[in-house]
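Comments concern the structure below.
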Amino acid sequence: MIANYHTHTPRCNHAVGTEEEYVLAAIQRGMHILGFADHSPCCGFPDGYYSGFRMKPDETPGYASAILDLRERYHSQIQLYPGVEMEYYPAYFRETLSMLRDSGVEYLILGQHFINNEIGEKYNGQPTDDEERLRQYCRQVMDGMNTGLFSYVAHPDVFNFTGDPAVYQKHFRELCREARSCGLPLEINLLGLGENRHYPNPLFWQVAAEEGCNAVLGCDAHKPEALLDVATADRAYAMAKQLGLTVVDTVPLKII
Ligand SMILES: [Zn+2]
Ligand SMILES: [Zn+2]
C-alpha cells in the first residue's frame with residue numbers, strides 16, 4: 001500500500017492520535033501519499049440537531065491548516081492532502097461544499113452513513129431487509145457520484161441489507177455500473193475487514209469484479225497504528241485476487 005486516502009483525526013470525537021502521529025506511521029509503512037478524510041462537518045442542520053460523529057464547521061479551517069503545515073514539514077518524505085469523508089445530503093451539500101472550499105479542504109470521498117439528510121434516519125450499518133431503503137441508499141450514492149466532486153466511494157457496502165442476496169446484488173450492480181461509468185474507484189474498507197464487520201461484503205465485491213470496477217484499499221484509520229496493519233491489507237489483496245478484482249494503488253484526487 002503506497003497510498004491511503006482515508007484517515008481520521010480526533011475532531012470526529014471517535015478517533016485518537018495527532019495528525020503528526022498518523023503522518024509518521026504512514027512514513028514508517030513506506031507510504032508515498034497520505035490523505036486525511038475526517039468526517040465532514042455539515043452546514044445547515046437545524047438548530048438543536050447535533051450530529052456527533054463529525055467535526056463542527058468552525059473546526060474545519062484549523063483541520064486543513066494542521067495538515068497543510070505538516071505538508072510543508074514532511075514534503076520530502078510524503079505527500080499529504082486535507083480531505084473529508086462526506087455523505088451526499090442533498091439539503092446541505094452546496095452550503096457545506098462552499099464552506100469546505102473556503103476552509104482549505106482539497107478533496108472529498110463519499111461515505112454515505114445515512115440516507116436522505118440524516119435527521120431521523122437509522123445508521124446504514126444497521127441490519128435491514130427493507131428493499132426500498134436499499135434502493136434509496138444506492139440512488140443517493142449514485143447521485144453523489146454524479147456530482148463529479150467525489151474522488152472515490154468509501155465502504156460502498158456499508159448498507160447492511162439482510163434480505164435476498166439476489167435483490168442485494170441487483171441494486172448494487174446498478175451502483176457498480178454507475179461507478180464504472182463515472183470512473184470512480186470503490187473502497188475496500190480495511191477497518192471493516194479487520195474488525196470483521198458486515199463490510200467488506202463478498203456479495204458486493206463479486207458484483208464489482210463482474211462489472212469491471214476498480215477497487216482501492218482504505219485504512220479508515222481512527223488510530224495511527226491502523227496505518228501499520230499490513231496483515232489486513234494482505235487479506236484485502238487476497239480477496240481481490242480471488243475475485244479477479246482490479247486494485248489501484250493510487251487515485252487521481254479531484255481537487256474541489
Ligand atoms: Zn469514523
Ligand atoms: Zn465511514
Side-chain angles (χ1 to χ4, degrees), residues 3-19 21-22 25-26 34-42 50-57 59-60 63 67 81-89 92-93 96 100 105 107-118 121-128 133 137-138 140-142 144-145 149-161 172 175 179 184-201 204-205 208 215-227 229 232-233 236 251 253:
N4 171 54
Y5 303 96
H6 195 167
T7 312
H8 292 274
T9 78
R11 287 176 187 78
C12 66
N13 306 312
H14 62 276
V16 295
T18 64
E19 291 84 1
E21 285 169 334
Y22 285 98
L34 182 69
F36 284 83
D38 206 357
H39 293 280
S40 181
C42 189
Y50 179 58
S51 179
F53 71 102
R54 57 181 78 256
M55 72 181 88
K56 297 188 189 73
E59 291 178 280
T60 319
Y63 165 68
I67 294 155
Y81 295 93
V84 291
E85 176 186 19
M86 186 187 188
E87 295 80 5
Y88 177 63
Y89 292 151
Y92 310 120
F93 187 68
T96 303
L100 292 170
V105 168
Y107 75 98
L108 315 175
I109 61 175
L110 176 57
Q112 195 70 33
H113 302 100
F114 296 85
I115 55 171
N116 294 315
N117 296 296
E118 181 172 318
E121 296 293 341
K122 284 187 298 199
Y123 169 55
N124 286 330
Q126 285 187 20
T128 178
R133 292 194 70 230
Y137 169 82
C138 291
Q140 204 159 339
V141 171
M142 291 189 281
M145 289 179 192
L149 291 162
F150 290 94
S151 295
Y152 81 55
V153 184
H155 47 60
D157 44 354
V158 70
F159 192 89
N160 194 358
F161 184 72
F172 274 117
L175 184 152
L184 285 189
L186 302 171
E187 179 201 75
I188 301 177
N189 188 277
L190 300 184
L191 175 63
L193 187 62
E195 293 188 346
N196 297 309
R197 294 186 182 178
H198 65 281
Y199 59 93
N201 186 330
F204 175 88
W205 291 103
V216 60
L217 306 194
C219 293
D220 199 353
H222 287 76
K223 55 185 180 188
E225 309 86 87
L227 297 173
D229 182 358
T232 303
V251 170
L253 292 180

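Predicted model, so just to flag it, every value in this text is computed and none were measured. Just so you know, ligand 1 is whichever comes first in the structure, and atom 1 is the first atom listed for that ligand.
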Backbone N/O of [Y] and side chain of [X]: donor-acceptor pair under 3.5 Å:
X      : Y      : answer
Thr7   : Gly35  : yes
Tyr152 : Ala215 : no
Asn124 : Val158 : no

Note to self: Looking only at N, O or S atoms in His222, which is nearest to the Zn ion (ligand 1)?
What the structure shows: NE2
Measuring to the Zn ion (ligand 2), does [X] have an N/O/S atom at a distance below 2.8 Å?
X      : value
Asp220 : no
His39  : no
His6   : no

Check: According to the interplanar angle, ranging from 0 to 90°, do the rings of His14 and His39 count as parallel (below 30°), tilted (30 to 60°) or perpendicular (above 60°)?
Finding: tilted
Notebook entry, point to check: Taking just the N, O or S atoms of His113, which one is nearest to the Zn ion (ligand 2)?
Noted result: NE2
Check: Taking just the N, O or S atoms of Glu85, which one is nearest to the Zn ion (ligand 2)?
Finding: OE2
Checklist line | Under the salt bridge (Lys or Arg N to Asp or Glu O under 4.0 Å) test, residues paired with Glu87 that sit two or more places apart | finding: Arg54
